[in-house]
S.K.: 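I have a structure I would like to understand better, so I am pasting it below and will then ask my questions one at a time.
In what follows, chains carry the letters A, B, and so on, assigned in the order in which the sequence lines appear, proteins first and then strands, with residues in each chain numbered from 1. Here the structure is a predicted model, which means the values were calculated and not measured.
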Amino acid sequence: MSRKPCYWLMKSEPSAFSIDDLARAPRHMTCWDGVRNYQARNFMREMRVGDQVLFYHSSAEPSAVVGVAEVVKEAYPDSTAFDPKDKHYDPSSNPAQPTWDMVDIRLVRKFHRPIALDELRGIPGLSQMELLRKGSRLSVQPVRPSEWAIILKLAAK
DNA sequence: GCCAACGTTGGC
DNA sequence: GCCAACGTTGGC
């Protein structure tokens with residue numbers, strides 16, 4: 001059963017992993033490891049191959065939506081949680097019963113210009129957007145089709 | 001670097 | 001089950 005692609009937004013600090021890092025990666029792909037938030041994990045579990053993702057740079061200058069990626073592999077156990085040497089090691093997770101999942105994404109395109117947070121604020125059609133909610137820290141979040149359309153239109157300017 | 005907002009942990 | 005303490009996120 002296929003369904004219409006859903007839209008998402010994923011945050012990354014460019015100092016850790018930027019859209020240029022994704023562009024340089026083999027086959028423009030990466031696994032999205034290190035998510036340690038249940039809500040974000042649950043959204044990743046809902047992702048299906050072909051779903052579209054806004055790539056967002058957080059703690060950046062400027063913080064901005066910088067491009068589009070797509071889901072190429074659905075949720076599977078995040079093995080970095082099993083590795084005591086990994087920054088995101090979580091002893092509560094183990095291979096028999098993994099707590100944390102990741103997905104694989106592939107770069108679709110980098111925008112010609114970053115769509116900064118500043119620009120997104122104040123656009124009426126985006127007033128409900130999770131990213132713009134005060135105090136929102138969710139690193140993986142759904143995006144409404146209407147929001148997706150507005151942002152892609154901004155990217156084309 | 002500051003700090004508000006948030007999620008998680010753990011004592012009770 | 002409550003909630004204070006703590007660690008983290010992320011804009012500024």
S.K.: Which one of A/R41, A/K73, A/R45 satisfies the salt bridge (Lys or Arg N to Asp or Glu O under 4.0 Å) criterion with A/D101?
M.R.: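 Among A/R41, A/K73, A/R45, the one meeting salt bridge (Lys or Arg N to Asp or Glu O under 4.0 Å) with A/D101 is A/R45.
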S.K.: Less than 4.0 Å between a side-chain N and a carboxylate O, is that true for A/D21 and A/R24?
M.R.: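 Yes.
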S.K.: In residues 51-61 of chain A, what residues come within less than 4.0 Å of DNA chain B, judged by heavy atoms?
M.R.: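 Under 4.0 Å from DNA chain B: no residue of residues 51-61 of chain A.
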S.K.: Look at A/R113 together with A/E119 and state whether they make a salt bridge at an N to O cut-off of under 4.0 Å.
M.R.: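 Yes, A/R113 and A/E119 are salt-bridged.
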S.K.: Would you mind telling me which residue lines up with the more 5' stretch of DNA chain C, A/H88 or A/D118, judged by nearest nucleotide?
M.R.: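 First, find each residue's nearest nucleotide; the 5'-ward one identifies A/H88.
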S.K.: So among A/S18, A/S58, A/S139, which one has a side chain to side chain contact (heavy atoms under 4.5 Å, CB included) with A/E13?
M.R.: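 Passing option: A/S58.
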S.K.: Once ring-ring contact (aromatic ring centres under 6.0 Å, His included) is applied, do any residues pair with A/Y56, and if so which ones, sequence neighbours excluded?
M.R.: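 A/Y56: no ring-ring contact (aromatic ring centres under 6.0 Å, His included) contacts found.
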S.K.: Is there a side-chain contact between A/H88 and A/D78, using heavy atoms and a 4.5 Å cut-off?
M.R.: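 No, side chains not in contact.
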S.K.: If the sugar-phosphate is the primed atoms plus P, OP1 and OP2 and the base is the rest, what is the B/S/- string for nucleotides 4-11 of chain B, using protein heavy atoms under 4.0 Å?
M.R.: -BBSS---
S.K.: When you group the ILVMFWY residues by side-chain heavy-atom contacts below 4.5 Å and let the links chain together, are A/F17 and A/M44 in the same group?
M.R.: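 Per the 4.5 Å side-chain linkage, A/M44 and A/F17 are co-clustered.
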S.K.: Please say which of A/T80, A/D90, A/N37 ends up in a side-chain hydrogen bond (donor to acceptor under 3.5 Å, both in side chains) with A/W100.
M.R.: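 That would be A/D90; it is the only one of A/T80, A/D90, A/N37 passing the side-chain hydrogen bond (donor to acceptor under 3.5 Å, both in side chains) with A/W100.
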